[in-house]
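No hydrogens, no waters, no symmetry mates; every other heavy atom, side chains included, goes into these values. Model, not experiment: these values are computed from the prediction. Lettering of chains follows the sequences in order, A, B, ..., and the numbering in each one begins at 1.
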Amino acid sequence: MKYIDEFQDPDLARRLLDDIHSTVTRPWALMEVCGGQTHTIIRHGIDQLLPEQVELIHGPGCPVCVTPLEVIDKALEIASRPGVIFCSFGDMLRVPGTGRDLFQVRGAGGDVRVVYSPLDALRIAQQNPDREVVFFGIGFETTAPPNAMTVYQARKLGIRNFSLLVSHVRVPPAIEAIMQSPSCRVQGFLAAGHVCSVMGVEEYPELAERFRVPIVVTGFEPLDILEGVRRTVAQLERGEHTVDNAYPRAVRPEGNAAARAMLEDVFEVTDRAWRGIGVIPDSGWRLSAKYRDHDAEYRFSVDGIQTREPAECRSGEVLQGLLKPHECEAFGTLCTPRTPLGATMVSSEGACAAYYLYRRLDLTPAPREASPVV
Amino acid sequence: MPVLDPAAWTCPAPLRDQPRVVMGHGGGGALSAELVQHVFAPAFGGSVLAQMGDAAALSLGGVRMAFSTDSFVVRPLFFPGGSIGDLAVNGTVNDLAMSGARAAYLSCGFILEEGVEMETVARVAEALGAAARTAGVEIATGDTKVVESGHGDGIYINTAGIGLIPAGVDLRPQRVVPGDVVMVSGAIGVHGVAIMSVREGLEFGVEIESDCAALGGLVDAMLAVTPDLHVLRDPTRGGLAASLNEIAAASGTGVVVREREVPVPPAVANACAVLGLDPLYVANEGKLVAFVPRAHADAVLDAMRAHPLGAGSTVIGEVVADHPGMVVARTGLGGTRVVDMPIGEQLPRIC
């Protein structure tokens with residue numbers, strides 16, 4: 001835990017930036033897949049420091065953002081029911097469904113609880129045997145294994161009043177979908193280090209080869225991002241397209257065998273809808289038949305959900321890297337973190353939120369003379 | 001207490017899009033401000049309330065005094081470095097201190113939940129009394145109510161306090177001007193992380209103790225150097241970011257913070273990194289942020305560092321004429337970013 005300062009060292013950052021500046025000869029468009037990386041980039045102003053030729057396109061890797069409205073509405077419906085304790089990670093509580101969010105369900109009397117681990121939700125189920133406890137299981141390969149473990153434990157301990165509302169998604173099919181889009185401009189990927197720490201890198205060589213894009217596994221601290229950009233740009237300048245691991249302190253090529261085994265036991269691959277993008281084949285997980293008793297969608301009848309997406313929200317284009325957040329007409333006017341139209345503005349990892357929170361000064365025309373900040 | 005009649009309730013500004021109260025309305029951020037601006041202030045009226053400071057500066061019989069109240073609903077009641085009793089004293093004492101006033105008298109209202117152990121009440125009362133003696137303030141009046149089991153969280157405490165404002169002291173955001181130096185009295189984010197570590201059962205490798213303390217003595221030491229301080233704030237709920245934003249908005253100036261200069265202890269930084277929180281938004285209970293005229297900055301900083309509660313004082317930024325009403329951080333790598341007003345509660349992220 002003492003590594004944070006080391007990976008924010010300004011002198012090392014300067015050296016990496018110098019290297020990138022001296023390497024680049026042409027424009028390149030790179031996509032950072034993960035929303036956590038997007039926030040590091042914007043929060044530390046990394047995009048301001050890179051050469052103009054290097055454009056960072058923000059990818060779909062915010063688990064909160066890509067959770068479909070229908071699933072959020074199902075969560076709101078289940079959380080509103082008497083006798084239910086609905087548990088979730090904190091950042092799902094402010095994501096708007098159709099007309100309301102989980103905070104408002106709680107304000108109206110619903111028992112909605114923030115937990116820091118899905119195992120906390122399981123403990124709540126043990127302590128409340130006469131209540132139905134539901135955990136909102138969303139996220140990429142990073143959060144899926146602990147959620148799978150929770151269901152496994154519930155089965156093992158005979159905790160029958162626990163279920164998972166699942167909306168897990170997988171990164172490689174998303175990369176494939178982005179590259180197959182006719183309007184795709186992405187020439188290289190900074191792959192999400194946390195995802196690779198679970199899954200390893202073996203899913204990527206085929207993608208790198210098929211789409212002729214370098215894929216560099218990248219961490220989340222500022223120096224990690226700069227190193228990922230440096231290696232990706234170096235490959236592009238050399239005309240290469242291989243998979244490279246720039247995050248070896250966390251990622252082994254084979255990933256985490258125990259976590260993968262847990263995933264395979266509890267989940268099965270399925271088609272999954274991504275908010276703002278649509279259904280991507282084989283891009284998600286659902287509970288396998290063996291664990292269906294713990295699937296909240298089966299346990300609670302939540303059919304007939306009528307969703308209503310705000311027409312002005314262009315978060316789908318943002319999630320696909322086709323639009324920068326501030327290029328949306330609603331950005332900062334109709335749509336703010338206080339009055340979000342879409343999840344990209346409300347999620348702590350959303351690209352629109354990052355631009356609004358950290359970059360508003362540059363994006364809002366202000367009647368002022370330019371002057372250097374101290 | 002008068003019965004609220006909704007039909008006779010004339011609220012000039014409609015509630016925004018929150019038909020019910022949510023936790024964020026008490027979070028010290030934008031939602032809290034909206035509740036006060038759209039509901040309480042129009043209903044109450046009055047010129048003093050319009051000051052919107054942590055304490056109201058009053059003139060009574062020719063005497064300038066500060067008056068403040070605060071309620072404490074912390075869970076758990078005891079935490080590393082303090083208790084709800086310490087908070088109930090120090091919170092109000094500090095609100096007064098931020099007006100330059102030394103707290104003289106406090107009131108203390110207990111709301112007890114049926115079933116709470118008497119020993120717990122006694123321990124809280126002992127802690128409260130001890131904190132008052134440390135702060136040099138007397139509990140002059142009080143009140144006790146009991147609510148049915150399940151209608152409270154053990155013990156809630158409200159305190160109110162009054163103190164005299166010394167001659168020549170005029171602390172308010174409107175006095176802030178470009179060039180003012182912004183300093184904090186020590187490490188930030190400590191109290192919030194200490195509470196989270198016990199409330200949520202999270203362990204961060206080292207025990208983090210709350211910085212809960214009464215700041216009257218530190219403020220006295222600063223005012224002894226010069227009464228010409230412009231603004232003091234104790235960055236409690238909403239953290240340093242909320243305090244800086246409030247001052248920037250109220251003064252119509254811009255604030256620039258050098259992010260690497262903000263003292264964040266490694267344990268707080270690590271805990272925040274794990275939870276996806278920004279230390280700038282995490283609550284403090286024994287720190288202050290000061291806006292000081294540049295001419296006095298070095299002397300004030302020396303005085304702060306010479307006081308036990310200000311030993312870690314440091315300059316974190318300055319006031320600029322650019323971007324009025326906004327707080328901007330210069331990042332460690334050399335970029336810039338906006339430091340926004342928090343909306344409500346900070347939420348731990350998913351991964």
Other residues, nucleotides and ligands only: do more than 12 of their heavy atoms fall within 6.0 Å of CG on B/D153? yes
With a 6.0 Å cut-off (strictly less than), is the heavy-atom count around CD of A/E52, excluding the residue itself, greater than 12? no
As an exercise, state the distance from [atom1] of [X] to [atom2] of [Y], rounded to the nearest 0.5 Å.
X: B/M196; Y: A/Y116; atom1: CE; atom2: OH; answer: 6.0 Å
X: A/Y358; Y: B/D340; atom1: OH; atom2: CG; answer: 9.5 Å
X: B/T331; Y: A/I42; atom1: OG1; atom2: CD1; answer: 11.5 Å

Look at the side chain of A/Q104 and the backbone N and O of B/R20, then say whether any donor-acceptor pair between them is shorter than 3.5 Å. no
Is chain B contacted by the side chain of A/R106, its backbone, both, or neither, given a heavy-atom distance below 4.5 Å? side chain
Okay, A/I46 and chain B: the region with an atom under 4.5 Å from a heavy atom over there is side chain
Which atoms form the tightest heavy-atom contact between [X] and [Y], and what is the distance?
X: B/L333; Y: A/D9; value: CD2-O, 4.4 Å
X: B/V22; Y: A/F103; value: CG1-O, 3.8 Å
X: B/G335; Y: A/Q48; value: CA-OE1, 3.2 Å
X: A/R43; Y: B/D278; value: NH2-OD2, 3.2 Å

Walk me through whether B/V338 and A/R359 qualify under side chain to side chain contact (heavy atoms under 4.5 Å, CB included). CA-CA 6 Å; B/V338 173; A/R359 197 50 61 72; over 6 Å; no
Report yes if some heavy atom in the side chain of A/R360 is under 4.5 Å from a heavy atom in the side chain of B/M326; otherwise report no. yes
